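Just so it is clear, the structure is predicted and the values come from calculations on it, not from any experiment. Counting convention: from 1, in listed order, for ligands and their atoms alike. Quick note: numbers below take in every heavy atom, side chains included, and nothing from hydrogens, waters or symmetry partners.
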Amino acid sequence: MAHSIGLPYSGGLARGWGHRAPYLLSGAILGAIALGVLPMTPTLLTMLTALMLLVFVIVTWLFMRQHDRRLCESCAASMPLNAAEHAARFTRRFRLAHAGSNPRVMVPYLIVLIGSNFLTGTVGRIGWALVQSTMIYLILAHCSHRKLQPWCPQCSGGGSGNRDSVDEPDSPRGDRLLI
Ligand SMILES: [Zn+2]
Ligand SMILES: [Zn+2]
């Protein structure tokens, strides 16, 4: 009964949940944007929906972290044969994934993300929705980077050598994907 923060990660459901987390999170963000943009007066139902969305995001995010720490058969099976070619096209996503672990980038980003909540009016709400939707690209960048990490120039140290002194993104180091 006394389960702490960690989530049980043995079941197939948890594994599947973690594997699909980037898409589930993207869907939840879109749902949150829809809730924020639609002109609704807050009722018990909308507040409950927002709360459930928040819980869903937190649980999904925890499963994603668990998933990212281990080898995932589904990820390995979906690895493209020409992974190196894929990776060459994703250099911008890789840079973004690395920036995502850099507090000097993430703190201002989070300030904009939270600050956009105070925008009002139609234009303000559209601006808010656009700012929130950047999270989806960030999640997908993280996902692509994790999958194609062996081909990431910054991880393999073949880049400019300017690695900052910041941690690498949360990604399996010892057990870099199969292949
Ligand atoms: Zn997976
Ligand atoms: Zn990398």
Side-chain angles (χ1 to χ4, degrees), residues 3-32 52-113 131 133-179:
H3 261 291
S4 53
I5 288 284
L7 289 168
Y9 195 71
S10 48
L13 173 74
R15 240 170 265 181
W17 195 333
H19 178 68
R20 290 177 190 85
Y23 307 105
L24 294 174
L25 283 176
S26 303
I29 292 166
L30 286 177
M52 273 165 55
L53 213 54
L54 184 69
V55 171
F56 177 78
V57 166
I58 292 169
V59 171
T60 306
W61 184 73
L62 287 173
F63 276 136
M64 185 170 83
R65 286 181 65 88
Q66 304 258 32
H67 167 269
D68 290 358
R69 289 204 184 103
R70 290 153 216 247
L71 287 174
C72 169
E73 285 170 25
S74 310
C75 280
S78 67
M79 181 70 86
L81 286 175
N82 53 347
E85 280 173 41
H86 265 74
R89 270 185 269 136
F90 286 158
T91 47
R92 220 172 60 186
R93 287 197 190 188
F94 292 165
R95 252 182 277 134
L96 194 65
H98 279 264
S101 65
N102 185 343
R104 274 173 294 177
V105 178
M106 280 317 278
V107 171
Y109 174 68
L110 285 176
I111 290 172
V112 172
L113 208 60
V131 170
S133 62
T134 58
M135 274 193 286
I136 296 176
Y137 190 62
L138 202 64
I139 290 169
L140 293 181
H142 169 82
C143 177
S144 302
H145 176 269
R146 182 192 169 272
K147 222 166 147 183
L148 298 167
Q149 195 190 12
W151 293 273
C152 169
Q154 287 165 82
C155 281
S156 58
S160 56
N162 179 22
R163 310 191 71 180
D164 285 319
S165 55
V166 179
D167 288 346
E168 301 288 326
D170 281 331
S171 35
R173 298 291 301 165
D175 50 0
R176 331 181 109 194
L177 294 180
L178 316 175
I179 296 185

When rounded to the nearest 0.5 Å, the distance separating SG of C143 from CZ of F90 is 9.5 Å
Rounded to the nearest 0.5 angstrom, the CH2-NE2 distance for W151 and H86 is 11.0 Å
Sorted by chain and number, protein N/O/S atoms nearer to the Zn ion (ligand 1) than 2.8 Å are H19 ND1, H67 NE2, C72 SG, C75 SG
task: Assign the ring pair H98 / H145 to parallel, tilted or perpendicular, where the plane angle (0 to 90°) is split at 30° and 60°.
output: perpendicular
ang(SG C152, the Zn ion (ligand 2), NE2 H98) rounded to 10° is 110°
In terms of heavy-atom contacts, I29 and M135 come closest through CD1-CB, 3.7 Å
Nearest heavy-atom contact between V57 and A28 is CG2-CB, 3.6 Å
Point to revise | OH (Y23) with more than 12 external heavy atoms under 6.0 Å | key: no
